[in-house]
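Inspection log for the structure reproduced underneath, given as structure tokens.
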Amino acid sequence: MSGNKTFIVEHLDPELEQWSALEYKCIARETAATGSSFYLTSVPRELQLPESLKAVSELNVEHRGIEEIYADKKDRVCLLDPAATKELSPEDGDNFDIFLFGGILGDDPPRDRTSELRKKGYQGRRLGPVQMTTDTAVRTTRIVVQDRIALEDIKYVDNPEIKVDEHESTEMPFRYVLDKNGKPIFPDGMVDLIKKDSERGIDDLL
Ligand code: SAM
């Protein structure tokens, strides 16, 4: 797999939660391994990046936003947008150099915060009808535009369950890409974080 594309996550939340930190680390490492680059943009100057992210050499942090950085290349930017009318296709690897994603935690039901980027007027493409986590959306885009595999030929699972202990499991309301063993791909550390969060949730009820 090789590429020379630029993948941008425009950070849209005031905070940078642990969940996002794990996703951004995963995107940075995987994207660099394919020869492309990853930028986390619009990071407020006052935001303290978690130590775990500061240590990621493949991560490029930008305080400026997408509009400022690529003011002269707007037509080469593709916004991955769950509300777009056109699906992403392998040919979009020729049409665009820069792929833009909303740095938003997934929510159920989705609140359409990608609209904050849509109103800037970029061309949009959808990755199918189901909400993905941000790292899954970047992974899927790389597969389509770099490996030139059509969206419908990628193997996914929707709403996988994570076993948090012997009795409980928690359903993740998103679409994930499957690895070669047929298991959903989660960022390193994510399953443990989900388990920890669900224990905390149960403790809060007691
Ligand atoms: N709940 C959401 C919202 O408020 O728009 C979706 C957030 S999703 C976790 C983060 C980003 O991944 C989106 O901003 C978008 O760039 C990308 N994304 C996720 N699922 C997608 C899909 N089915 N089609 C296109 N882009 C998608």
**Study point:** From CA spacing to verdict: side-chain contact (heavy atoms from CB on, under 4.5 Å), Tyr70, Ile98
**Key:** CA-CA 9 Å; Tyr70 291 111; Ile98 301 146; 3.6 Å; yes
Review point. Once you round to the nearest 0.5 Å, how far does OG1 of Thr41 lie from CG of Leu100?
Key: 7.0 Å
Check your understanding: Can you tell me if Lys74 uses its side chain to pair, donor with acceptor, with the backbone of Val77 under 3.5 Å?
Key -> no
**Study point:** Nearest-0.5 Å distance, CD of residue Gln18 to OG of residue Ser52
**Key:** 7.5 Å
**Study point:** Distance-minimising heavy-atom pair for Pro82 and Thr114
**Key:** CD-OG1, 3.8 Å
Point to revise | Asp165 (side chain) donor-acceptor with His167 (main chain) under 3.5 angstrom | key: yes
Practice item. Inspect the contact between Asp192 and Lys196 and indicate whether a charged nitrogen and a carboxylate oxygen are less than 4.0 angstrom apart. Key: no
Review point. Hey, quick one: are Ile149 and Phe7 part of the same hydrophobic cluster, counting side-chain heavy atoms closer than 4.5 Å, chains of contacts allowed?
Key: yes
Practice item. Please assess Leu80 against Arg125 for the test side-chain contact (heavy atoms from CB on, under 4.5 Å), listing each intermediate value before the final yes or no. Key: CA-CA 5 Å; Leu80 283 301; Arg125 294 288 188 269; 4.3 Å; yes
Exercise for review: Take Val144 and Ile154, measure what side-chain contact (heavy atoms from CB on, under 4.5 Å) needs, and give me the verdict at the end.
Suggested key: CA-CA 9 Å; Val144 175; Ile154 300 175; 3.9 Å; yes
Exercise for review: Determine whether Ile194 and Trp19 make a side-chain contact, defined as any pair of heavy atoms from C-beta on separated by less than 4.5 Å.
Suggested key: yes
Check your understanding: Are more than 12 heavy atoms from other residues, nucleotides or ligands located less than 6.0 Å from atom CZ of Phe38?
Key -> yes
Review point. For the side chain of Ser198 and the backbone of Lys195, is there at least one donor-acceptor N/O pair under 3.5 Å apart?
Key: yes
Practice item. Determine, using the 4.5 Å side-chain heavy-atom cutoff (strictly less than), whether Phe99 and Val9 are members of one ILVMFWY cluster. Key: yes
Review point. Can a salt bridge be assigned to the pair Asp97 and Lys73 using a cut-off of 4.0 Å between side-chain N and carboxylate O?
Key: no
Study note, to complete from the structure: Residues passing the side-chain contact (heavy atoms from CB on, under 4.5 Å) test with Val157, sequence neighbours excluded, are Pro160, Tyr176, Leu178, Pro184
Review point. Out of curiosity, Met132 CE to Phe174 CZ, how far, rounded to the nearest 0.5 Å?
Key: 12.0 Å
Review point. Looking at CG of Asn95 and CG of Asp75, how far apart are the two atoms once the value is rounded to the nearest 0.5 Å?
Key: 10.5 Å
Exercise for review: Would you tell me whether Thr31 and Arg142 have side-chain atoms, one donor and one acceptor, within less than 3.5 Å of each other?
Suggested key: yes
Practice item. Report, as yes or no, whether the 6.0 Å neighbourhood of atom NZ on Lys54 holds more than 12 heavy atoms from other residues, nucleotides or ligands. Key: yes
**Study point:** Heavy-atom check, side chain of Leu16 versus side chain of Leu40, under 4.5 Å
**Key:** yes
Check your understanding: Does a side-chain N-to-carboxylate-O contact under 4.0 Å join Lys25 and Asp188?
Key -> no
Practice item. Ignoring hydrogens and angles, tell me if any N or O in the side chain of Lys5 forms a donor-acceptor pair with the backbone of Gly93 under 3.5 Å. Key: yes
Check your understanding: Can you tell me if Arg113 uses its side chain to pair, donor with acceptor, with the backbone of Leu12 under 3.5 Å?
Key -> yes
Check your understanding: Which residue, Ile185, Leu127, Val177, forms the side chain to side chain contact (heavy atoms under 4.5 Å, CB included) with Tyr156?
Key -> Val177
Practice item. Have a look at Ser89 and tell me which of Lys86, Glu87, Glu91 forms a side-chain hydrogen bond (donor to acceptor under 3.5 Å, both in side chains) with it. Key: Glu91
Point to revise | Nearest non-hydrogen partners of Thr134 and Ile104, listed with the distance | key: OG1-O, 3.4 Å
Review point. Transitively linked via ILVMFWY side-chain contacts under 4.5 Å: Val43 with Ile69?
Key: no
Review point. If you group Ile, Leu, Val, Met, Phe, Trp and Tyr by side-chain heavy-atom gaps below 4.5 Å, do Ile162 and Leu22 land in one group?
Key: yes
Check your understanding: What closest approach, in Å, do Glu161 and Ser169 show between heavy atoms, and which atom pair accounts for it?
Key -> OE1-OG, 3.0 Å
Check your understanding: Is there a path from Ile66 to Phe96 through hydrophobic residues (I, L, V, M, F, W, Y) whose side chains come within less than 4.5 Å of each other?
Key -> no
Point to revise | Any side-chain heavy-atom pair of Glu30 and Glu58 under 4.5 Å | key: no
Check your understanding: Checking Asn181 side chain against Lys183 main chain: does a donor-acceptor pair fall under 3.5 Å?
Key -> no
Practice item. Please report the shortest heavy-atom distance between Asn60 and Ser37, naming the atom on each side. Key: ND2-CB, 4.4 Å
Review point. If we only count heavy atoms from C-beta on, is the Cys26 to Arg139 side-chain gap below 4.5 Å?
Key: yes
Review point. Going by heavy atoms in the side chains, are Pro129 and Arg175 under 4.5 Å from each other?
Key: yes
Practice item. Please report the shortest heavy-atom distance between Val56 and Ala28, naming the atom on each side. Key: CG1-CB, 4.0 Å
**Study point:** Side-chain donor/acceptor of Gln123 to backbone N/O of Cys78, under 3.5 Å
**Key:** no
Practice item. Could you check whether the rings of Tyr24 and His11 sit parallel, tilted or perpendicular, using 30° and 60° as the cut-offs? Key: perpendicular
Check your understanding: How long is the gap from CD on Glu10 to CD on Glu67, to the nearest 0.5 Å?
Key -> 8.0 Å
Review point. Under the side-chain contact (heavy atoms from CB on, under 4.5 Å) criterion, do Asp112 and Arg118 qualify, and how do the steps go?
Key: CA-CA 10 Å; Asp112 190 23; Arg118 187 181 312 132; 2.7 Å; yes
Point to revise | Short N-O contact, Asp94 and Arg148, less than 4.0 angstrom | key: yes
Review point. Considering only heavy atoms from C-beta outward, does the side chain of Thr141 approach that of Phe101 to under 4.5 Å?
Key: yes
Exercise for review: Please examine the side chains of Arg126 and Leu88, heavy atoms only from C-beta on, and report whether any two atoms are closer than 4.5 Å.
Suggested key: no
Exercise for review: Nearest 0.5 Å please: distance from the CG atom of Asp153 over to the CD1 atom of Ile143.
Suggested key: 11.0 Å
